[in-house]
Amino acid sequence: MPEILEVERYRQVAELALGRPVQGAWLVDARYGRGGTTARRLGDALGGRPFVAARRRGKLLLLDSEDGPTVGLRFGMTGALALDGELAIERLRYSPARIARQWVRAVFTFADGGALEVHDPRRLGSVELAPDESRLGPDALSITRRQLTTALAVRDARAAPLKARLMDQARVAGIGNLLADEILWRGALDPTRRSALTAEEVRRAHSSLRATLRLLQRRGGSHTGDLMEQRHQGGRCPTDGRELRHESVGGRTTYWCPGHQR
DNA sequence: ATTGTGGCCTGCCCGC
DNA sequence: TGCGGGCAGGCCACAA
């Protein structure tokens, strides 16, 4: 599903659409608009203007229009982006293997005849004019160790489990369920932990976060982690062969190794 | 204020 | 073979 690595790929593809005047904008599915964003407002705001920048903060893709508002795209779990009829990513995990017209939720057409389309079977994504970017924490692809220290800080013993803090988009923007499990597994950190991390453990978390994102980006996406194929009943730790534990942590299905994650 | 839970959305897989 | 329940997870509303 689209986590930060996939959305970064979408951003790169969206850059190919910069400078091309938008002819029209449609919410094929009216419910796909969020925060009062309607097809009419979208069309009125963008008509005739080109996008001048494609930015990303966490999983939020931001398209700045020339002298106009920014369009925010969220992809949920199954959202895909297609430019001029070509998908930015061929096949998404947890998403149907085919493309169907009825799953196209939003379309931006360009004066040159091309189009940018959002395809989203499960409709968990959305389009929003002028989204509030300030609600998101530092971006996971560029977060510093100091910033991560702050993000993972613990107030008291009732703090949310480590994994929930890592996935909280206001603390760190961009980490989804699969990446969180992979990062904590590589960092040998127990996702259920509520106690504060030592300075050494934060270093480990930061180092694992960076290494994991780099590696999975090179491999081709957030579903290419070593833990991925063990995410099932009886799955085993690729490192020490112990049977993985799996429980809901922070409301999300979580797999981890009870042997080496502490 | 922070944390936890349920619901949304819909295709797919498993067991009967 | 068909059917239905459960599951997948990003994000938000809402409750505690």
Inset, instruction - Could you check how far CZ of A/Arg122 sits from C1' of B/dG11, rounded to whole Å? - result: 5 Å
Inset, instruction - Assess A/Arg20 against A/Phe110: is NZ or CZ under 6.0 Å from the centre of the six-membered ring, and within 45 degrees of the ring's axis? - result: yes
Legend entry - Heavy atoms from other residues, nucleotides or ligands near CZ of A/Arg219 exceed 12 (cutoff 6.0 Å): yes
Inset, instruction - May I ask you to verify if any side-chain N or O of A/Arg155 is less than 4.0 angstrom from the OP1 or OP2 atom of B/dA1? - result: no
Inset, instruction - Would you kindly give the CE-to-P distance between A/Met167 and C/dA8, to the nearest whole Å? - result: 13 Å
Legend entry - Distance in angstrom units between A/Gln233 CD and C/dC7 P, rounded: 11 Å
Legend entry - Separation of B/dC8 C1' from A/Arg31 CZ (nearest whole Å): 10 Å
Inset, instruction - Please work out if A/Ala159 contacts a base, only the sugar-phosphate, or nothing of the nucleic acid, heavy-atom cut-off 4.0 Å. - result: sugar-phosphate
Inset, instruction - Report which part of the nucleic acid A/Gly176 touches: base, sugar-phosphate, or nothing (heavy-atom distance under 4.0 Å, all strands). - result: sugar-phosphate
Legend entry - Passing candidate, side chain to side chain contact (heavy atoms under 4.5 Å, CB included) with A/Gln217, options A/Leu5, A/Ile4, A/Thr224, A/Thr212: A/Leu5
Inset, instruction - Assign each of A/Arg171 and A/Asp29 to its nearest nucleotide of DNA chain B by heavy atoms, then name whichever residue's nucleotide is nearer the 5' end. - result: A/Arg171
Inset, instruction - Would you mind reading off the distance between A/Met77 atom CE and B/dT10 atom C1', rounded to a whole angstrom? - result: 10 Å
Legend entry - Given A/Arg11, A/Lys59, A/Arg56, A/Arg55, the one that forms salt bridge (Lys or Arg N to Asp or Glu O under 4.0 Å) with A/Asp139: A/Arg56
Inset, instruction - For A/Arg158 and for A/Arg252, find the nucleotide of DNA chain B with the closest heavy atom, then tell me which residue's nucleotide is more 5'. - result: A/Arg158
Inset, instruction - Check whether any side-chain nitrogen or oxygen of A/Arg194 sits under 4.0 Å from OP1 or OP2 of B/dG4, and answer yes or no. - result: yes
Inset, instruction - Round to the nearest Å and state the distance from A/Asp120 atom CG to C/dC11 atom P. - result: 12 Å
Inset, instruction - Test A/Leu81 against every option in A/Leu87, A/Val118, A/Asp120 by the side chain to side chain contact (heavy atoms under 4.5 Å, CB included) rule and name the one that passes. - result: A/Val118
Inset, instruction - Using atom OH of A/Tyr32 as one end and atom C1' of B/dT10 as the other, report the distance to the nearest whole Å. - result: 13 Å
Inset, instruction - Anything under 30° is parallel, anything over 60° is perpendicular, the rest tilted; go ahead and classify A/Phe108 against A/Phe51. - result: perpendicular
Legend entry - B/dT10 OP1/OP2 closer than 4.0 Å to side-chain N/O of A/Trp103: no
Legend entry - Helical bend (five base pairs per end, nearest 10°) for the helix from B/dT2-C/dA16 to B/dC16-C/dG2: 50°
Inset, instruction - Provide, to the nearest angstrom, the distance between the CG atom belonging to A/Leu60 and the C1' atom belonging to C/dG10. - result: 12 Å
Legend entry - A/Thr254 and A/Lys163: side chain donor to acceptor below 3.5 Å: yes
Inset, instruction - Determine the contact category for A/Thr253: base if any of its heavy atoms lies under 4.0 Å from a base atom, sugar-phosphate if only primed atoms, P, OP1 or OP2 are that close, otherwise nothing. - result: sugar-phosphate
